[in-house]
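Convention: sequence-line order gives letters A, B, ...; per-chain numbering from 1. A quick note: this is a predicted structure, and the numbers were derived from the prediction, not measured.
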Amino acid sequence: MSDRKVRVRFAPSPTGPLHMGGVRTALYNYLLAKKLGGDFILRIEDTDQERLVPGSEQYIIDALKWCGIEPNEGIGFGDGPCAPYRQSDRKAAGVYTQYAQQLIDAGHAYYAFDSKEELDEQRKRFEGMGKAFAYNAVTRQNLKNSLTLSEDEVKKRIESGEHYVVRIKIPRNEEIRLQDIIRGWVVVHTSQLDDKVLYKSDGMPTYHLANVVDDYTMNISHVIRGEEWLPSAPLHVLLYRYLGWENVMPQFAHLPLILRPDGNGKLSKRDGDRLGFPVFPLSGELTDTKTGKPETFTGYREKGYLPDGFINMLAFLGWNPGTTQEIFSLNELVQAFSLERVSKSGAKFDPEKTKWFNQQHLRMRTDAQLAEALIPLLKAIGIETTPAFAQEVCRLMKEKVQFTHELRDQGMFFFNDPEMYDADVIKKRWNEQSAGFIAKVKDALAAATVWKAADLEATFKATAEANSINPGSVMQLFRVCVSGAGGGPVLFEMVELLGKETIARRLEKALNTIGK
RNA sequence: GGCCCGUUCGUCUAGGGGUUAGGACAUCAGAUUUUCAUUCUGGUAACAGGGGUUCGAUUCCCCUACGGGCUACCA
C-alpha cells in the first residue's frame, strides 16, 4: 500500500468563490503530489444542487491557475482516466446507485421515509427533554424505515413514488480507529455516530457516499482536507469497510483551520471586509443563490499580491520546513514539503506578515519582470512609457515598496512633474536663502556635461559648499523640488534617470511655486 | 448540551525530560545612508492552571480552564 502511486484530489463544492483556506488545502494537495511524483486531481462536489452558485466552478479553476497550482487531471484541466470529474455528471452516469444498493443488500444501509417535517418534530421533542435527536440505533426503531416497516410496505411506498432516503446503519457498539497523518490515532465510538443520509430524496448522493465512492474509483491515495471533516471521518471509514475497500482506503490528513486575525473563529469573508484584507485569491462577482443578489469580493491578485508570495504565506500557515528559511518559491516548497510537519492547531491569519512575504517575493523579481507588471498599471491611468525607462524605475523603487502598484503610486514623479510639494519638508527647510540656492543648483546642473549620478551629486555638493551651505541640510529640499516627495529612491540616481531637461523644467517650476 | 480536535512571545512557529526556550512578522531603541520609505545592530516579549510520574518537567500522564470544529435529505 505504501508503494502505491500518490493520487490526491482537491474537491471543493461550487457554492461561491474559493477562499484562501480552500486554496491552502489545494496547495498542500499539490505539494504532496509534486513532491512524490503523483497526480493532483480537481473534482467538483456539486451534490447539493440548491446551493450551487453559477460561475464558482470557473472561479475555482481561474484561482488555481493564478496561484500556479494546477491539477493535472480534472475539471478545467483535462479529463484523465477517471472522467467525469463532476459529481453531478458522475451521478448521471450512474456511478453511485450500485454502491448504495450494495450497502442495502448487505444490510449496512436502509430506506427511510421520514419527512423533513417529521424529523424536525423529533428534534424539537428531544430538545424539549434536553436531549439532542439523532437518527441512530435507538431511535431508528421508532421511525419510518425499511427496518421497522414490512417488506411489502417498503416496496409499496417505493413503487408509489414516495420520497425516501438511504441511510447508513451504524453499528451499535463498535470502536472506530483511524490514523490521521497529522493527528495520529483518532478513536470514536459508533454510539456517537448517527445514521447519516447516503442518498437524498432528490436522487443525489450526499457528500459522504459520493466522496468515498469517488476516492475509491479514482484511486485516491491521500485525503487531505480541512479539520471540519474530522468528525465524519469515522463514518467514511465505515463506508470503506462495508463496501469492501478498507485495504485500499486512502490515508487521511486533516488540516488545521485558518482563524481570523483578531479574536477567535474561522476566517470568513466578513473578517476581510471588516479588517481590510482580501480573503479570496481573485476579485469577482458571483450571485448568491439564496438572496439572488450579486456579491462582489476583492482578491489578492487585484490588491497587488504576487501569486508566489501569496502561496508562500499560505504554505506557512500551519506548516514549516523545520529550518529558519521562510522565503520559498513554489518549487522549493515542493521539495521541502511533508505532511508530517503540518501542525495540529489552528493558525490565526496575519495580514501584516502576508505583506512582508509579498515584499520578499517582489524583491526577488528582476527589474524586467517588474517593469512588465508596471507598464499596464501605468497604461491604466493613461501613462505611456518605454520598457527601458520602466525597468529603471523598478530598479530604483523596488527596495522601497511591498506591492507592484506602489511602484507606480510611489513613483509617480518619474512620470509626471510634481503638482504638490511635501508641506512638512518645505516648512522645515525652506528659508530666505532657499530660492537663491535652488536657482544656483539649477544653473550648475544645466551646465553639466556628464549626466551621471556621481557627477551630479558632486556638482550639487560643490554648489552648496561654494555658498557655505551644509549639503545635508538642503538635500531633502532639493529632492522635494524635483519630485514633490520627501522620500524616495537614491536621490541622484533618480535625478540621472529623470534627465537634464526634466530636471531643469522641474526646478524652474519649483522656484515659481514654492514660497510664493 | 454531546462528541472530536487543539493550547510555546501580540501573531506564525522551532524545540523537547536537564536549553541563556531559537527564528520570523509586528513593536520599541540606536546606527548608517550628510535626504528617505531601504539596510544593519540591539531591546521588550511565551511554555494556560492544578495535580501526578521523575533526581529533574515547558516536554510524559490525568484533571480543569480556554479556544475551535462537528452535531442537516450542506459540503
S.K.: Within this structure, what is the OH-to-P distance between A:Tyr110 and B:C73, rounded to whole angstrom?
M.R.: 11 Å

S.K.: With both distances kept under 3.5 Å, what pairs with B:U19, Watson-Crick or G-U wobble?
M.R.: none

S.K.: So what does A:Gly130 hit on the nucleic acid, given a heavy-atom distance under 4.0 Å: a base, only sugar-phosphate, or nothing?
M.R.: nothing

S.K.: Please determine, for the side chain of A:Gln410, which listed nucleotide (B:U71, B:A37, B:A24) has the closest atom?
M.R.: B:A37

S.K.: Roughly how far apart, to the nearest Å, are B:A26 and B:G10 at atom C1'?
M.R.: 8 Å

S.K.: Under a 3.5 Å cut-off for both contacts, is B:G6 paired Watson-Crick or G-U wobble with anything, and if yes, with which nucleotide?
M.R.: B:C66

S.K.: Using a heavy-atom cut-off of 4.0 Å across all strands, would you classify A:Gln325 as base, sugar-phosphate, or nothing?
M.R.: nothing

S.K.: Suppose we call two aromatic rings close when their centres sit under 6.0 Å apart. Are A:Tyr207 and A:Trp229 close by that rule?
M.R.: yes

S.K.: Nearest to the side chain of A:Gln476 - B:U34, B:C36, B:A37?
M.R.: B:C36

S.K.: Cation-pi check for A:Trp185 against A:Arg177: NZ or CZ below 6.0 Å from the six-membered ring centre and within 45 degrees of the axis, yes or no?
M.R.: yes

S.K.: Compare the minimum distances between each of B:C4, B:C36, B:U13 and the side chain of A:Asn320, then state the nucleotide with the smallest one.
M.R.: B:U13

S.K.: Separation of A:Phe478 atom CZ from B:C36 atom P, in whole Å?
M.R.: 16 Å

S.K.: If I pick the C1' atom on B:A65 and the same atom on B:U27, what distance separates them, to the nearest angstrom?
M.R.: 30 Å

S.K.: Please check the phosphate of B:A72 (OP1 and OP2 only) for any side-chain N or O of A:Thr206 closer than 4.0 Å.
M.R.: no

S.K.: Identify whether the distance between the nearest side-chain nitrogen and carboxylate oxygen of A:Asp114 and A:Arg140 falls below 4.0 Å.
M.R.: no

S.K.: Would you mind pulling out the nucleotide paired to B:A37, Watson-Crick or G-U wobble, both distances under 3.5 Å?
M.R.: none

S.K.: Nearest whole Å is fine: how far is B:A75 C1' from A:Leu235 CG?
M.R.: 13 Å

S.K.: Between B:U32 and B:U41, how far apart are the two P atoms, rounded to whole Å?
M.R.: 15 Å

S.K.: Measuring to OP1 and OP2 of B:C36, would you say a side-chain N or O of A:Arg479 lies under 4.0 angstrom away?
M.R.: no

S.K.: Could you give the distance separating B:A14 and B:C60 at their P atoms, to the nearest angstrom?
M.R.: 14 Å

S.K.: Round to a whole Å and report the spacing from CE of A:Met412 to P of B:A37.
M.R.: 22 Å

S.K.: Kindly say if A:Asn470 contacts the phosphate of B:U34, meaning a side-chain N or O under 4.0 Å from OP1 or OP2.
M.R.: no

S.K.: Kindly state whether the ring of A:Tyr99 and the ring of A:Tyr216 have centres lying under 6.0 angstrom apart.
M.R.: no

S.K.: Would you tell me if any nitrogen or oxygen in the side chain of A:Ser345 comes within less than 4.0 Å of OP1 or OP2 on B:C5?
M.R.: no

S.K.: Which listed nucleotide (B:U38, B:C4, B:C25) is nearest to the side chain of A:Val188?
M.R.: B:C4

S.K.: If you check every side-chain atom of A:Ser13, which of B:A75, B:U38, B:C5 has the closest atom?
M.R.: B:A75

S.K.: With a cut-off of under 6.0 Å to the ring centre and 45° to the axis, is A:Arg260 in cation-pi contact with A:Phe349?
M.R.: no

S.K.: Specify the separation, in whole Å, of atom NZ of A:Lys266 and atom P of B:G67.
M.R.: 18 Å

S.K.: Watson-Crick or G-U wobble partner for B:U27, using a 3.5 Å limit on both distances?
M.R.: B:G43

S.K.: Check whether NZ of the Lys or CZ of the Arg A:Arg167 lies under 6.0 Å from the centre of the six-membered ring of A:Tyr110 and within 45 degrees of that ring's axis.
M.R.: no

S.K.: Does the side chain of A:Lys200 get closer than 4.0 angstrom to OP1 or OP2 of B:A75 through an N or O atom?
M.R.: yes

S.K.: Contact class for A:Arg260 vs. all strands (heavy atom < 4.0 Å): base, sugar-phosphate, or nothing?
M.R.: nothing

S.K.: Could you say whether A:Gln359 or A:Lys348 is positioned toward the 5' end of RNA chain B, judged by the nucleotide with the nearest heavy atom to each?
M.R.: A:Lys348

S.K.: If the P atom of B:C66 is compared with that of B:U53, how far apart are they to the nearest Å?
M.R.: 27 Å

S.K.: In whole angstrom, give me the gap between the P atoms of B:G49 and B:U11.
M.R.: 15 Å

S.K.: Taking the side chain of A:Ala347 as its heavy atoms from C-beta onward, which of B:U13, B:A26, B:U35 lies nearest to it?
M.R.: B:U13

S.K.: Heavy atoms under 4.0 Å, any strand shown: does A:Arg363 hit a base, just sugar-phosphate, or nothing?
M.R.: sugar-phosphate

S.K.: A:Glu45 side chain: which of B:G68, B:C73, B:A75 is closest?
M.R.: B:A75

S.K.: I want to check one thing: is the phosphate of B:C73, taken as OP1 and OP2, less than 4.0 Å away from some side-chain N or O of A:Arg123?
M.R.: yes

S.K.: Just to be sure I understand the rule, does A:Val197 reach a base, reach only the sugar-phosphate, or reach nothing, if contact means heavy atoms closer than 4.0 Å?
M.R.: sugar-phosphate

S.K.: Once you apply a heavy-atom cut-off of 4.0 Å, does A:Thr47 come out as touching a base, just sugar-phosphate, or nothing?
M.R.: sugar-phosphate

S.K.: Please give the distance between the P atoms of B:C70 and B:U64 as a whole number of Å.
M.R.: 24 Å

S.K.: Classify A:Arg167 by what it touches in the nucleic acid, base, sugar-phosphate, or nothing, heavy-atom distance under 4.0 Å.
M.R.: sugar-phosphate

S.K.: Could A:Asp350 and A:Lys353 be called an ion pair, given the rule that one side-chain N must be under 4.0 Å from one carboxylate O?
M.R.: no

S.K.: Suppose we call two aromatic rings close when their centres sit under 6.0 Å apart. Are A:Tyr300 and A:Phe280 close by that rule?
M.R.: no

S.K.: Choose from B:U71, B:G23, B:U35 the nucleotide whose nearest atom is closest to any side-chain atom of A:Glu326.
M.R.: B:G23

S.K.: Counting any heavy atom closer than 4.0 Å, what does A:Leu230 reach on the DNA or RNA strands: base, sugar-phosphate only, or nothing?
M.R.: sugar-phosphate

S.K.: Using the C1' atom on both, measure B:G69 against B:U13 and round to a whole Å.
M.R.: 22 Å

S.K.: Taking atom types as they are modelled, would you say the side chain of A:Lys116 forms a donor-acceptor pair with the base of B:A72 within the 3.5 Å cutoff?
M.R.: no

S.K.: Roughly how many Å is it from CH2 in A:Trp229 to P in B:C3, rounded to a whole number?
M.R.: 22 Å

S.K.: Using heavy atoms to find the nearest nucleotide of RNA chain B for A:Phe492 and A:Ser343 separately, return the residue whose nucleotide is more 5′.
M.R.: A:Ser343

S.K.: Give the rounded distance in Å between these two atoms: CG of A:Asn358 and P of B:C25.
M.R.: 15 Å

S.K.: Indicate, with a heavy-atom threshold strictly under 4.0 Å, whether A:Gly265 touches base, sugar-phosphate, or nothing.
M.R.: sugar-phosphate

S.K.: Give a yes or no answer on whether the side chain of A:Lys91 reaches the backbone of A:Arg86 with a donor-acceptor pair at less than 3.5 Å.
M.R.: no

S.K.: Searching all strands shown, indicate the nucleotide that pairs with B:A72 (Watson-Crick or G-U wobble; both distances under 3.5 Å).
M.R.: none

S.K.: Whole-Å distance between B:C70 P and A:Tyr207 OH?
M.R.: 13 Å

S.K.: Looking only at the side chain of A:Met475 (C-beta and beyond, no hydrogens), which of the listed nucleotides B:C73, B:U34, B:C25 gets closest?
M.R.: B:U34

S.K.: Quick check, are the ring centers of A:Phe328 and A:Phe337 under 6.0 angstrom apart?
M.R.: no

S.K.: Looking only at N and O atoms, is any donor in the side chain of A:Arg51 or the base of B:C74 less than 3.5 Å from an acceptor on the other one?
M.R.: yes

S.K.: Need one value for A:Asp114: base, sugar-phosphate or nothing, where a base atom within 4.0 Å counts as base even if backbone is also close, heavy atoms only.
M.R.: base

